[in-house]
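Have a look at the structure below before the remarks.
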Amino acid sequence: MQHKVIDTKDVVIRFAGDSGDGMQLTGSLFADMSAIYGNGLSTFPDYPAEIRAPQGTVSGVSGFQVHIGSEDVSTPGDYCDLLVAMNPAALWANAKWCKPTAMILIDVDSFDENGLRKAGFKTDNPFEELRVEDRAIIAAPISTLTMESLKDSGLARKAILKCKNMFTLGMACYIYSRPMEYIYAYLEKKFAKKHPEVIAPNKKVLDDGFNYAANIQAIPNTYVVEPSPKKKGTYRNITGNQATAWGLLAASEKSGLPLFCGSYPITPATGILEELAIHKSLGAKTLQAEDEIAGICTAIGASFAGNLAATTTSGPGLSLKAEALGLAAMTELPLVVVDVQRAGPSTGIPTKTEQTDLTQAIYGRNGECPIPVVAPHSPAHCFDAAFYASKMALEHMTPVILLSEGFIGNGSEPWRIPSMADYPEIKPPFARGVLPEGERFHPFDRDPETLVRRWAVPGQAGYEHRVGGLEKNHSGAISSDPQNHALMTKERQDRIEKIADSIPPVKVIGEQKGKLLVVGWGGTYGHILSAVNKVIEDGGKIGYAHFDNIFPLPKNTREVLLSFEKVLVCELNVRQFASWLESRVPEANIVYYNKVQGQPFLVTELVEEIKKQMED
Amino acid sequence: MANLTFKDFKSDQQVRWCPGCGDHAVLSALQRALPKVSQALGYAKERYVVVSGIGCSSRLTYYMDTYGFHSIHGRATAISTGIKVANPTLTVWQACGDGDALAIGGNHFIHAIRRNIDINVILFNNQIYGLTKGQYSPTSKFGAITKTSPYGTVEHPFNPGSLVLGAKGTFFARSLDVELHLSEEIMTQAALHDGCSVMEMLTNCVIFNDGAHKDLSDPEVRADRTIVLRHGEKMLFGKDHNKGLVLQGMGIKAVTIGEGGYTIDDILVHDAHTDNMGIHMMLADMKGPGLPVALGVIRDVKDITYDDGVRDQVKDVMLKSNIHCVDDLLHSGSTWEVE
Ligand code: SF4
């Protein structure tokens, strides 16, 4: 066979195996190495629903998809060029994600009678059963070769078999011409402190995997993906949950207020609490509460006491926090509530992504209870989104809901590290000065311009006052007076609407007016952008507006929507943002494209839908 | 700091409890205790925060001229916890009822005790839901006839004392609404205690559960049916001060000095500071007809507090870490340069 080295713009690799096979680590190593090499990058882990499902079964399959490019890439890719399947179940669960031209690399040692039956195959030819027999199949005895590679290492059989993911990684590195020095350096750094003894064996297996791939004749082609020309600067790889945590810490620094986070563990949001718990050196206090309600209530207490307070959760947790959110709105205390959305309703599919909490975020409380809602659009953007959500909360004295998603919370991308000097100061409206003798602090007197109240923090002499869930008048006294209730209700609504004065207008990519505007919000940005670019490349005349601010909407929303004959709202729910836009701009001609499968959009299906809408 | 008096803690809000409600006395005891606490510990008035949930007793927040947070049903303990962790220099007092703290807020209540967060919880126990007009509560006696139990309840009540001690509480005290001085005394002791202090106040709801504690509070019988425990003092009670408590077998027994061969030397001396949970549990559980109900500070032991733990850990990590600002954080771990 003639071996060719092919230069390519981008490739998608999907690593899949049993949840004990270390595929998340393999995938992230491949991603980190590619990021350091300078490729454009986007990743998406596909966790199994069960933590430790029976070995070898489909429900225990764990996947990690990496998309690398010689230019920036904005999604983890729809379909893969290489599928690594460490066992039959991984093949079963992932064959559908293979491109027609894909290679499939399997550990043939696990494809025995037992493995095939466990995965649910009926015959001994799994490739035919899945109709992928025409793909280039590389059947490598990975387990055997790993045993062989480390037979003199002194490691136990179990420990050796744990290294088979490194053998696989070595093979993938050969196929995609990865510069091995990056991964050596990475391994050394990663294990130097805790497990120096595993560095040498891991390197050996990695090399053996690489050499094995180079020596066998089974690999038709290898590929080169050049580094992408990037803006000068220092880069790092970051996940959305990590960026969210760091954005909160950045807001703490810029406001001079200690960060307090009260949370209860819940998939897929727990990573934020875990990340904050590490960074106590920046003064962050984390409290793992006894339940979701205590999470938000401790945060409300901390806010009353003058901290930047946050609570993190996912959809079911947001439901539990609803009453306390009303309390935060009623007492007009700053609070950031992060909801990393997952497939619902109820427990739903905890490890899968969705955008189905939008309506809950906007409306889900008793009484007239407006609360701002913002949404990050990519893993790295979670940093800015969390920073500006905190700024909004602190400067406008209101709870703010940050609607992240499992897809971007767990996904990662390279990020050009910003300088904190480029971020604005955060200035909460603290009550200051000594009150004249005999005068009392009125907690709900408002700034005439912004309608924001002042914040007097316990410990400040002379400003003693009471807040609470009961309706009050401006002085802070309880009041059930009908006119006062009407006034306070209006002020609570108006002050949130007025936040629109301080948020940037929504930008339109492509045509600024015309026939079709594509609209998205939140974590679908990468997919929609790729699809829109494709349609524009093909000559389509369309615009694309992506909303980071959900409530209040940017001030130019109406103008933008009405500049197009038709508005196609694409979202991972059933028309939630579309209905919200309709309620705010009823004259707009809105059509929908929805998907509720617990999966992100595919670029291909979006391109198809946009083209169809252009023709209609 | 000027000497504070009870007037400094009275807000301008009109007190709206029913005339004769036991809550009035508890408020008054608190307003009298806090100036003493301030004097003993040097607390300025602005350092006090009063937190409450929902229920008649939770209205207390509005009657105190301090920083105050009247929150939502059951959640006062979680709010207090957040306040104290955020700013440990504040001194947090919490008012909550039996329904608020032990039914809807039961989870937060036991976890605050387990963590030993330094807050002072006044638990108003009138064995009824007053604000919603007379339904049974988790402390209503078995068989209690109320609006939601017209044929009597068929569920056992909580004894707040055993709940607190079961959660390894470090401070538990009890008083009666009518025992104003004793209430004031235990509040002062609670303030001196580092950790979660729970004070159960047996209060009377004149409207929906009048006389619930009558068998203890009636001046005729009070001395014989209650015992006031003070650390280091003999466990004596009774109108004539001639009854006492002794240990017998696995339990506690009430005896009369001079009868059955018992002398003053046989009477137990109260040790509120002992780690021995068993004896405190027995004391907290005592009830008639054989035994008096214990009032006063039953348990007061030292242990690490949650707020100190959090603060010390932050300090410790700050010293050890080389990440001191967000710029450091952003550049930590694996990074790479693009020239
Ligand atoms: S209803 Fe009962 S508890 Fe409530 S204020 Fe009246 S007497 Fe007090």
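If you're wondering where the values come from, they're calculated on a predicted model, not measured in any experiment. Numbers restart at 1 for each chain; the letters A, B, ... are given by sequence-line order, proteins then strands.
When heavy atoms are compared at a cutoff of 4.5 Å, A:Ala35 approaches chain B by way of both its backbone and its side chain. Residue contact with chain B, scored on non-hydrogen atoms closer than 4.5 Å, involves the side chain of A:Arg440 exclusively. Neither the backbone nor the side chain of B:Arg16 has a heavy atom closer than 4.5 Å to any heavy atom of chain A. Neither the backbone nor the side chain of A:Lys254 has a heavy atom closer than 4.5 Å to any heavy atom of chain B. For chain B, no part of A:Ala299 is nearby; none of its heavy atoms comes within less than 4.5 Å. At a 4.5 Å heavy-atom cutoff, the contact between B:Val85 and chain A is made by backbone and side-chain atoms alike. Proximity to chain A (any heavy atom under 4.5 Å) is shown, for B:Arg114, by neither the backbone nor the side chain. For B:Ser58, no part lies under 4.5 angstrom from a heavy atom of chain A. Looking at A:Leu249, both its backbone and its side chain come within 4.5 Å of chain B, counting heavy atoms on both sides.
B:Asn87 places no side-chain N or O within donor-acceptor distance of the main-chain N or O of A:Ala305, the cut-off being under 3.5 Å. Side-chain N or O atoms of A:Thr234 include none that pairs as donor or acceptor with a backbone N or O of B:Trp336 at under 3.5 Å. A donor-acceptor pair under 3.5 Å is absent between the side-chain atoms of B:Arg75 and the main chain of A:Ile296, judged by distance alone.
Side-chain contact between B:Asp316 and A:Lys280 is absent, with no heavy-atom pair separated by less than 4.5 Å. Looking only at side-chain heavy atoms (C-beta outward), A:Lys232 and B:Val338 stay at 4.5 Å or farther from each other. Between B:Ile83 and A:Pro458 the shortest side-chain heavy-atom distance does not fall below 4.5 Å. Here the side chains of A:Glu253 and B:Cys325 are in contact, with some heavy-atom distance below 4.5 Å. B:Leu330 places none of its side-chain heavy atoms less than 4.5 Å from the side chain of A:Arg236. Residues A:Arg466 and B:Asp65 form a side-chain contact, since some pair of their non-hydrogen atoms from C-beta on lies under 4.5 Å apart. Looking only at side-chain heavy atoms (C-beta outward), A:Lys285 and B:Val314 come within less than 4.5 Å of each other. At a threshold of 4.5 Å between non-hydrogen side-chain atoms, the residues B:Ile79 and A:Phe304 do not count as touching.
Contact between B:His108 and A:Ile293 at its shortest, heavy atoms only, is NE2-CG2, 4.1 Å. In this structure, B:Gly333 and A:Lys189 approach most closely via the heavy-atom pair O-NZ, 3.5 Å. For the residue pair B:His324 and A:Leu282, the shortest heavy atom distance occurs at C-CD2, 3.5 Å. Across B:Ala78 and A:Cys297, no two heavy atoms sit closer than the pair CB-CB, 3.5 Å. The two residues A:Thr286 and B:Tyr306 come nearest to each other via the heavy atoms O-OH, 4.1 Å. Minimum interatomic distance between A:Ile478 and B:Gln13 (heavy atoms only, all atoms of both residues): N-OE1, 4.5 Å.
Checked against A:Glu464 for a side chain to side chain contact (heavy atoms under 4.5 Å, CB included), the options B:Tyr67, B:Phe9, B:Tyr48 give a single hit: B:Tyr67.
With rounding to the nearest 0.5 Å, the separation of CG in A:Leu470 from CD1 in B:Ile54 is 6.0 Å. If you take CD1 on B:Ile323 and CD1 on A:Ile278, they are separated by 9.0 Å, rounding to the nearest 0.5 Å. The distance from atom CD of A:Gln242 to atom CG of B:Leu329, rounded to the nearest 0.5 Å, is 8.0 Å. The distance from atom CE of A:Met330 to atom OG of B:Ser71, rounded to the nearest 0.5 Å, is 13.5 Å. We find the OG-NZ distance between A:Ser281 and B:Lys315 to be 15.5 Å, quoted to the nearest 0.5 Å.
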Inset, instruction - Give the intermediate values and the outcome of side-chain contact (heavy atoms from CB on, under 4.5 Å) for residues B:Phe69 and A:Leu327. - result: CA-CA 11 Å; B:Phe69 203 140; A:Leu327 177 68; 3.8 Å; yes
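Dense packing is recorded around CG of B:Asp12, with more than 12 heavy atoms of other residues, nucleotides or ligands lying under 6.0 Å away. For B:Phe158, the CZ atom counts as loosely surrounded, since its 6.0 Å shell holds 12 or fewer non-hydrogen atoms of other residues, nucleotides or ligands.
With respect to chain B, the highest number of heavy-atom pairs below 4.5 Å among A:Trp415, A:Tyr37, A:Trp246 belongs to A:Trp246. If you tally non-hydrogen atom pairs under 4.5 Å between each of B:Leu90, B:Val49, B:Val310 and chain A, the highest count goes to B:Leu90.
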